[in-house]
There are 2 protein chains.
Amino acid sequence: MAVQRGRRNGAAVARKLATPDADNAPTAEMPAVTENDEGTRARSIPEAAVARLAVYLRVLSAMAEQGATTVASEELATAAGVNSAKLRKDLSYLGSYGTRGVGYEVSVLVGHIERTLGLTRMHKVAVVGIGNLGHALANYGGFPGRGFPVEALFDVDADLIGVPVGGIPVSHLEDIPRVCRDRGISIGVIATPPTAAQSVCDRLVAGGVQCILNFAPVVLQVPEHVEVRKVDLAVELQILSFYVARRNGMVVG
Amino acid sequence: MAVQRGRRNGAAVARKLATPDADNAPTAEMPAVTENDEGTRARSIPEAAVARLAVYLRVLSAMAEQGATTVASEELATAAGVNSAKLRKDLSYLGSYGTRGVGYEVSVLVGHIERTLGLTRMHKVAVVGIGNLGHALANYGGFPGRGFPVEALFDVDADLIGVPVGGIPVSHLEDIPRVCRDRGISIGVIATPPTAAQSVCDRLVAGGVQCILNFAPVVLQVPEHVEVRKVDLAVELQILSFYVARRNGMVVG
DNA sequence: TCCTGTGAAGCGTTTCACAGCT
DNA sequence: AGCTGTGAAACGCTTCACAGGA
């Protein structure tokens, strides 16, 4: 699965382009310093670090549940699968909330990461394309970790319209803009066949959706203010295939 | 969704550590030059480029279907969502197969990318955890783009054992090592709850599986020779959340 | 003594810009 | 004239190594 986050535009490319994995280049004009509800610096956290913060958050939550109140960088790093220098650097982007000689207070860190990731606010999710995958996503029912309630479902199939899936009735693709606006959807998940993806995407954008998680194997064209991340099974498998092939010396029968 | 590919070990960390997104550092000891069936250089293709090659392949296949025989870097780049310099650099890792003043021959490029990614050989897939997501994955039936047939399914649920899903009967988790070995599974997909993931992973490894695609929100510990990629919905959503928050000036109500 | 926080070095990736072939 | 292929510069991320506080 590849993850995309386009930013730069190529030479003659007008619209924002989405690209897989380590593409993007948060270069030049990053937004100037902005502050969140607590005054935490939220500027210029490297892309890569943001992704890891989410992982630290999960690990920290698990640790908190097991009663840990304090954690050292080495311990947290190991649990999160990174080295401790990277972890400390990542955390330093949030500010200095550790205690030298001791470590970090779990609850404090959880709070700061949540604020930094904008998890103090709900993000309503719409799932488009209620096939196998869409069904699975809709049934997650209130996405992982809470804070991401699924509040709208869409499909083209007339047989599905009105049928509740995971408690929410399916609406028609044409109603995407209206429903998204009415319900204040901020994240759209595209789980349609590739041919439908771009038009679905356009409707989501028309409905005021700011972020899109795209499972369809297509490069979506979106306006600048919309953030796209891509999950591509075929790409993931092919990358794995590359490493098998290389490991096996590439001498294929 | 985050993608992981661990490589370096942190200080006191013995087993390979998996980390999200732009982690890894294919540094130092990359395998020496190896050749594939056609003598194509397969060494030292940057991680990031490999991920993009899979995308180029999809775009090229679509172009071929529409009758294109030749394509220029600018055109292919735009369609793939990257800039043309990056595309040319990526393709140059395969060797020089373009024609100056003209472009690339589509079929030739498709062939070279397929060989480089090891797609000339089948990679049998096992899906573990036949819940909502596992069901969806099993029903993909012969994963995207062919070359990745699903040939084994596993679950703990007694009610599921023996039931065919997408044409393949579900086996018990305990049989993972035997079945994987018998059927020559090379890629394992973990779609279980997080608590089961590590033990499932260990069994897959015991069954000779070389690559794992992990949908469970856990950092898997695997031996060096096993490649793990991770797909994490919660992480993806949280990254999107970060960008919404930043865009909105972080001034949360 | 222990562990955080961080400049600075090291690397990998991206972009630039142009030489070179058709 | 057009487009590829690629050194070299630019950039961002990771790692090192140690200063400095508890």
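Quick note on labels: first sequence line is chain A, next is B, and so on, each numbered from 1.
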> To the nearest Å, how far apart are B:Ile45 CD1 and C:dG12 P?
Replying inline: 15 Å

> Can we say A:Arg246 and B:Glu47 salt-bridge, meaning some charged N sits less than 4.0 Å from an Asp/Glu carboxylate O?
Replying inline: no

> Given C:dG5, D:dG5, C:dT22, which nucleotide is nearest the side-chain atoms of A:Ser96?
Replying inline: C:dG5

>> For B:Ala72 and A:Asp90, find the nucleotide of DNA chain D closest to each by heavy atoms; which residue's nucleotide sits nearer the 5' end?
In response: B:Ala72

>> So, using side chain to side chain contact (heavy atoms under 4.5 Å, CB included) as the criterion, who are the partners of B:Ala197 when residues are at least two apart?
In response: B:Ile190, B:Thr192, B:Ala216, B:Val218, B:Leu220

> Out of C:dG5, D:dC16, D:dG5, which nucleotide sits closest to the side chain of A:Ala85?
Replying inline: D:dC16

>> Tell me the interatomic distance from A:Glu75, atom CD, to C:dT4, atom C1', rounded to whole angstroms.
In response: 15 Å

> With respect to the phosphate group of D:dT4, does any side-chain polar atom (N or O) of B:Ser73 fall under 4.0 Å of OP1 or OP2?
Replying inline: yes

> Which pairs, with at least one residue in residues 187-196 of chain B and sequence neighbours excluded, count as a salt bridge (Lys or Arg N to Asp or Glu O under 4.0 Å)?
Replying inline: none

Between the protein and nucleotides 18-20 of chain C, which nitrogen or oxygen pairs are less than 3.5 angstrom apart?
from   : atom 1 : to       : atom 2 : distance (Å)
C:dG20 : N3     : B:Arg100 : NH1    : 3.2

>> If I compare all heavy atoms of A:Tyr104 with all of A:Ser73, which pair ends up nearest, and what's the gap?
In response: CE1-CB, 4.1 Å

> Which whole-number value in Å describes the distance from B:Glu74 CD to D:dG5 C1'?
Replying inline: 15 Å

> For the pair made of CD in B:Glu47 and C1' in C:dT14, what is the distance, rounded to whole Å?
Replying inline: 15 Å

> Please give, in whole Å, the distance from C:dT15 C1' to B:Leu91 CG?
Replying inline: 16 Å

> Can you name the residues that form a side chain to side chain contact (heavy atoms under 4.5 Å, CB included) with B:Ser241, not counting sequence neighbours?
Replying inline: A:Leu119, A:His123, A:Phe148

>> Distance check needed: C:dA17 P versus B:Lys89 NZ, whole Å only.
In response: 14 Å

Between side-chain atoms of residues 56-63 of chain B and protein atoms elsewhere (two or more places apart, or another chain), which donor-acceptor pairs fall under 3.5 Å?
from    : atom 1 : to       : atom 2 : distance (Å)
B:Tyr56 : OH     : B:Asp90  : OD2    : 2.6
B:Arg58 : NE     : A:Pro217 : O      : 3.0
B:Arg58 : NH1    : A:Asp232 : OD2    : 2.4
B:Arg58 : NH2    : A:Asp232 : OD2    : 3.3
B:Ser61 : OG     : B:Leu57  : O      : 2.8

>> Nearest whole Å is fine: how far is D:dG5 P from B:Asn83 CG?
In response: 16 Å

>> If you apply the rule side-chain contact (heavy atoms from CB on, under 4.5 Å), what do you find for A:Phe242 with B:Leu53, and how did you get there?
In response: CA-CA 10 Å; A:Phe242 171 79; B:Leu53 285 175; over 6 Å; no

> Looking at the side chain of B:Lys86, which of C:dT14, D:dC13, D:dT6 is the nearest nucleotide?
Replying inline: C:dT14

> Would you say a side-chain N or O of B:Tyr93 is under 4.0 Å from OP1 or OP2 of C:dT14?
Replying inline: no

>> Rounded to whole Å, please give me the gap between CG in B:Leu87 and P in C:dT14.
In response: 12 Å

